[in-house]
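Down below is the structure, laid out as structure tokens.
Numbered from 1 within each chain, the chains take letters A, B, ... in sequence-line order. Nothing here was measured: the structure is a model prediction, and the numbers come from that model.
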There are 2 protein chains.
Amino acid sequence: MTRKRKTQTPPAESGRFSYDGLDRVIHEKARLGILASLAARGDGLLFNDLKNLCSLTDGNLSRHLGVLSEAGIVEVWKGQQGSRPQTMYRLTVSGRQRFTDYVNVLESVVADAQVKMQSEAGPRTSPPGWAPA
Amino acid sequence: MTRKRKTQTPPAESGRFSYDGLDRVIHEKARLGILASLAARGDGLLFNDLKNLCSLTDGNLSRHLGVLSEAGIVEVWKGQQGSRPQTMYRLTVSGRQRFTDYVNVLESVVADAQVKMQSEAGPRTSPPGWAPA
DNA sequence: GCAATTACTTTACATTGTAAAGTGAGTTCG
DNA sequence: CGAACTCACTTTACAATGTAAAGTAATTGC
């Protein structure tokens with residue numbers, strides 16, 4: 001009388017290529033650029049610097065910075081440059097650590113991917129008994 | 001009478017950290033795992049192999065493979081193993097190239113990020129004239 | 001003083017990743 | 001024989017999210 005389970009087969013424990021360490025908040029094209037910029041300049045960058053460095057529109061950059069600051073990865077400082085308001089963005093200590101951890105996983109992705117170079121040779125046969133979908 | 005432009009300031013030409021080469025189709029946690037797996041095994045992998053290697057659910061894996069095959073990055077072969085149907089997935093030639101290109105950009109991201117190691121020292125002062133947001 | 005610029009923020013929308021449910025062929029058990 | 005179950009996926013539904021356009025508030029130029 002045991003009811004049949006309706007939920008789909010759950011994923012395995014932790015696959016060789018699951019890359020659990022790829023933090024979703026960091027693993028985003030635009031955010032990667034922002035973080036790389038901020039990592040290079042430890043003393044912070046202004047909104048417009050980031051905008052130019054990362055080739056983002058104002059709105060786009062603003063939202064991404066919001067995500068990063070809410071995640072505690074960047075900190076925000078308001079100030080004045082001349083008579084115009086300026087906002088400065090800087091990596092937090094833990095943000096720097098999280099980014100470092102992320103980059104370490106990236107390195108392993110690159111390493112994994114470069115194994116392929118060795119298996120690249122081969123005549124590329126159609127596998128016998130298999131038909132194209 | 002020139003109308004004021006309503007569209008937001010467009011992004012710059014190509015910023016130092018814009019990472020244009022990060023192909024959206026490839027730059028996705030799950031898909032990265034799938035491609036790394038397939039790159040390692042040039043002769044292809046079965047659905048279940050990928051499922052386990054990448055720790056994905058069936059539905060999830062299916063959709064991602066759909067995206068990758070529609071993009072021409074992986075090719076799909078139907079066959080039989082014993083009496084059960086099996087599908088084999090393999091990188092296409094151009095897919096392998098695209099993945100290689102992507103990984104090269106990843107390497108530059110890692111390199112950019114590791115510049116920070118040098119600027120890591122410092123007493124972390126609050127910048128004078130700036131107030132926390 | 002009024003239009004335009006600067007420095008962002010907010011809103012609206014379309015894309016998309018994910019889990020749950022569905023499908024259809026094959027196998028097993030009574 | 002056929003109902004129940006498994007296997008190998010596919011389809012669907014939904015919530016999350018990245019992006020462009022529009023909005024805002026202060027400041028500057030004419």
Looking at [options], which one has an atom nearest to any side-chain atom of [X]?
X       : options               : result
A/Tyr89 : C/dG17, D/dT19, C/dC8 : C/dC8
A/Arg84 : C/dT18, D/dA26, D/dT6 : D/dA26
A/Lys78 : C/dT5, C/dT18, C/dC8  : C/dC8

Separation of [N] [atom2] from [X] [atom1] (nearest whole Å):
X       : N      : atom1 : atom2 : result
A/Asn52 : C/dT6  : CG    : P     : 12 Å
A/Arg24 : D/dT17 : CZ    : P     : 9 Å
A/Asp23 : D/dT17 : CG    : P     : 12 Å
A/Gln80 : D/dA25 : CD    : P     : 17 Å
A/Asn60 : D/dA22 : CG    : P     : 16 Å
B/Gln81 : D/dC9  : CD    : C1'   : 16 Å
A/Asp58 : D/dA25 : CG    : C1'   : 15 Å
A/Gln86 : C/dA7  : CD    : P     : 5 Å

Value rounded to 0.5 Å, distance of CG in A/Leu35 from CZ in B/Phe17: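 With rounding to 0.5 Å, CG (A/Leu35) is 11.0 Å from CZ (B/Phe17).
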
From B/Asn48 atom CG to B/Asp58 atom CG, the distance as rounded to the nearest 0.5 Å: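 Going from the CG atom of B/Asn48 to the CG atom of B/Asp58 covers 7.0 Å.
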
Residue met sooner reading DNA chain D from 5', once A/Pro85 and A/Glu28 are mapped to nucleotides: A/Glu28

So that I can tick it off, tell me whether [Y] and [X] are bridged by a salt bridge, with the cut-off set at under 4.0 angstrom between side-chain N and carboxylate O.
X       : Y       : value
A/Arg90 : A/Asp43 : no
B/Asp49 : B/Arg41 : no
A/Asp23 : A/Arg98 : yes

Show which side-chain atoms of residues 24-32 of chain B pair as donor or acceptor with protein atoms under 3.5 Å away, not counting sequence neighbours.
unit_1, atom_1, unit_2, atom_2, d
B/Arg24, NH2, A/Glu28, OE2, 2.7
B/His27, ND1, B/Tyr102, OH, 2.7
B/Glu28, OE2, A/Arg24, NH2, 2.6
B/Lys29, NZ, A/Tyr19, O, 3.3
B/Lys29, NZ, A/Asp20, O, 3.4
B/Arg31, NE, B/Val25, O, 2.8
B/Arg31, NH1, B/His64, ND1, 3.2
B/Arg31, NH2, B/Val25, O, 3.4

Shortest non-hydrogen separation from A/Ala39 to A/Phe99 and the atoms involved: CB-CE2, 3.9 Å

C/dT6 OP1/OP2 closer than 4.0 Å to side-chain N/O of A/Asn48: no

C/dA19 phosphate, OP1 or OP2, under 4.0 Å from B/Thr57 side-chain N/O: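 True: B/Thr57 side-chain N/O within range (under 4.0 Å) of C/dA19 OP1/OP2.
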
Near-strand residues of residues 61-69 of chain A, defined as heavy-atom separation under 4.0 angstrom from DNA chain D: A/Arg63, A/His64

